[in-house]
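Data first, discussion second: the structure below is written as structure tokens.
Both ligands and their constituent atoms are indexed starting at 1 by order of listing. All values derive from a computational prediction rather than experimental measurement.
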Amino acid sequence: MDGGLSRALSFVDFGEICRGCNVNCCKRFYAVLLPEEEERFRETAFTVSTPVGNVKAIGARDGKPCPYLDSTGRCSIYPSRSFDCMLWPIVLYYDFNTGEKVVYLDLECPAAAAGRIDEGFVERVVELLKSCEIDTEWLKKYTLAPWPNNLKEVARFG
Ligand code: SF4
């Protein structure tokens with residue numbers, strides 16, 4: 001994985017879209033860490049098992065919200081949150097049938113389900129992901145980490 005992927009995605013800011021959201025993904029879901037993020041989150045990360053190996057993750061667990069969520073419902077580490085936190089509700093997965101990488105919008109996010117994520121913005125993220133070197137073995141594990149299956153495909157590339 002490109003060590004600069006998190007930095008390259010630092011323009012992603014869903015702050016306005018997330019404001020006032022009742023779902024609050026940080027209370028419901030976990031975020032899979034890139035291998036290079038594991039050391040930084042060593043104290044709060046937990047292991048998620050997949051059929052092709054384990055990944056590390058942060059976020060909600062056992063009904064408890066992410067420890068980085070503050071009392072006002074905001075991420076206390078927002079500028080330096082993990083890659084997966086930055087990107088969601090955009091998700092990048094591996095297609096085990098074709099070997100392609102597939103970009104989805106996760107409709108568990110009410111803003112994504114309501115079509116409130118700007119298409120031009122999603123295209124910009126897709127172009128950036130296309131230009132990144134992504135570790136396929138890690139992507140396979142990320143893809144198989146258990147997740148609500150409510151995804152809408154928006155792009156795919158080799
Ligand atoms: S690190 Fe921040 S953005 Fe990521 S799940 Fe935790 S509170 Fe949410």
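Proximity of a side-chain donor or acceptor of R40 to a complementary backbone N or O of S80 within less than 3.5 Å is detected.
Residues that satisfy the salt bridge (charged side-chain N to carboxylate O under 4.0 Å, His left out) test with R74, not counting sequence neighbours, are absent from this structure. Applying the side chain to side chain contact (heavy atoms under 4.5 Å, CB included) test to K152 and every residue at least two apart in sequence or in another chain returns L107.
For atom 2 (Fe) of ligand 1, protein N, O or S atoms under 2.8 Å: 1 in total.
Cation-pi geometry between K140 and Y94 is satisfied (NZ or CZ under 6.0 Å from the ring centre, within 45° of the ring normal). In this structure, R124 satisfies the cation-pi test against F11, with its NZ or CZ atom closer than 6.0 Å to the six-membered ring centre and inside 45 degrees of the ring normal.
Residue pairs meeting the ring-ring contact (aromatic ring centres under 6.0 Å, His included) criterion with at least one partner in residues 43-82, sequence neighbours excluded, are F41-Y68.
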